[in-house]
Visitor: 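Handing you a structure now.
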Protein chains: 2
Amino acid sequence: MKNKKETIAIDMDGVLADVEVQMINWYYKDYGVLISREAMIGRPEPEAFPNQDAVWNYLNTPGFFRTLPVMPNAVEVVKELMDHFEIYIVTAAMEFPLSLFEKYEWLQEHFPFISWKNIIMCGDKSIIHTDYLIDDHCKNLDFCKGRPIMFNAGHNSTIDRHERVNTWDEVKVLFDNIRKLDKSAVASLD
Amino acid sequence: MKNKKETIAIDMDGVLADVEVQMINWYYKDYGVLISREAMIGRPEPEAFPNQDAVWNYLNTPGFFRTLPVMPNAVEVVKELMDHFEIYIVTAAMEFPLSLFEKYEWLQEHFPFISWKNIIMCGDKSIIHTDYLIDDHCKNLDFCKGRPIMFNAGHNSTIDRHERVNTWDEVKVLFDNIRKLDKSAVASLD
């Protein structure tokens, strides 16, 4: 048996929090134009919108990160994963410094069971070392020291060099399987 | 020759920023009692003060982290180290969430040459992986994956299980020596 839990780093934007739907909703409210999720496939999020500058500006607008919708089932699955893994929330917040406190408050609201000790706000993630990283960006997954797991998003959906999960239910299945494999490996050593 | 620079993680409070002197000055202003650096030896900072609660409260007071004095020569030595090493600022900010933006602004003021990509605000530092860590706390140094370097502070001065530097000038000398050793190791391979 392992004494220490394996570690999972989980990204916020696009993984725990639904950035796409927030952009779509804010843009619709401001411009009356409804952009589809399909339009966001294969390019950076703002490029799907006629006025890209507006969408880039949202990222620096107070309230944008504080009010992001939670991804379906993220809360339940993260809570369950915590029984078996050490969970760290690792988010690239430094590019948008106004988001620092908003992201902290967002986590307090939706994931109050995650300790402040397990929250990391960073620039690049290259010095983060965990056994697994769940992220939607190749710039993080490519250089990850553990096992990279790509959370599906429009902007990454045409990239196929990482193991992909589409939903939090699929994250649950994946880690259930990892635990089963782990147990049978231990059993075969007994 | 190595292609990639070695990485150094540098702590903020007690290493880049002088927390002791800020506590002493704020306490003197509020209570008219001047506590000496010597009184802070061998115990957590607040315990050197007659009213410990007041000092703990400073850590949650707006402006405390934003106005910390810079350690002597920290700016110059960090700037020089950046020529030879990849520098990351790694600070435990999550325990005092009000400090998040203040710490960001403080770095922008005093270390504007450090990119947002190289700033990490975290809870515990156990998943941070760099070749060196300069820190004043054993709770970080003990579990560091690279080479731990203890920056002297009153609270750690009775602990002797880590290599100690007392000033930023000593940090400079240490890394000059590391680079010399590195060069002679490379030369002996030629």
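Being a predicted model, the structure only gives us computed values, none of them experimental. The chains referred to below are lettered A, B, ... by the order of the sequence lines, with proteins before strands, and numbering in each begins at 1.
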Visitor: Need one label for A:K125: side chain, backbone, both or neither, based on atoms under 4.5 Å from any heavy atom in chain B.
Guide: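 Neither part; nothing is under 4.5 Å.
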Visitor: Kindly work out whether a path of hydrophobic side-chain contacts (I/L/V/M/F/W/Y, heavy atoms less than 4.5 Å apart) joins A:F113 to A:F175.
Guide: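 Yes.
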Visitor: Measuring from A:T130:OG1 to B:H129:NE2, what's the distance to the nearest 0.5 Å?
Guide: 12.0 Å
Visitor: Output all residues satisfying side-chain contact (heavy atoms from CB on, under 4.5 Å) with A:N57, sequence neighbours left out; order by chain, then residue number.
Guide: none
Visitor: Grouping I, L, V, M, F, W and Y whenever their side-chain heavy atoms are under 4.5 Å apart, do A:V171 and A:V15 come out in a common cluster?
Guide: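 Yes, one cluster joins them.
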Visitor: So, taking the atom named OG in B:S99 and the one named CG in A:L100, what distance separates them when rounded to the nearest 0.5 Å?
Guide: 9.5 Å
Visitor: With a 6.0 Å cut-off (strictly less than), is the heavy-atom count around CZ of A:F143, excluding the residue itself, greater than 12?
Guide: no
Visitor: Could you state the interatomic distance from CD1 (A:I114) to CE (B:M94), rounded to the nearest 0.5 Å?
Guide: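 CE of B:M94 is found 12.0 Å from CD1 of A:I114.
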Visitor: Would you name the heavy atoms of B:Y88 and A:S126 that are closest together and state the gap between them?
Guide: OH-OG, 3.1 Å
Visitor: Measure the CD1-CD1 distance between A:I128 and B:I127 for me, rounded to the nearest 0.5 Å.
Guide: 5.0 Å
Visitor: Side chain from CB out, backbone as N, CA, C, O: work out which of these in A:Y104 comes under 4.5 Å of a heavy atom of chain B, or both, or neither.
Guide: side chain
Visitor: Select one option (side chain, backbone, both, neither) describing which atoms of A:S115 are under 4.5 Å from chain B's heavy atoms.
Guide: neither
Visitor: Please report the interatomic distance NZ(B:K117) to CD(A:E95), rounded to the nearest 0.5 Å.
Guide: 7.5 Å
Visitor: Heavy atoms, side chains only, cut-off 4.5 Å: are B:P97 and A:W116 in contact?
Guide: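 The answer is no; the side chains never approach within 4.5 Å.
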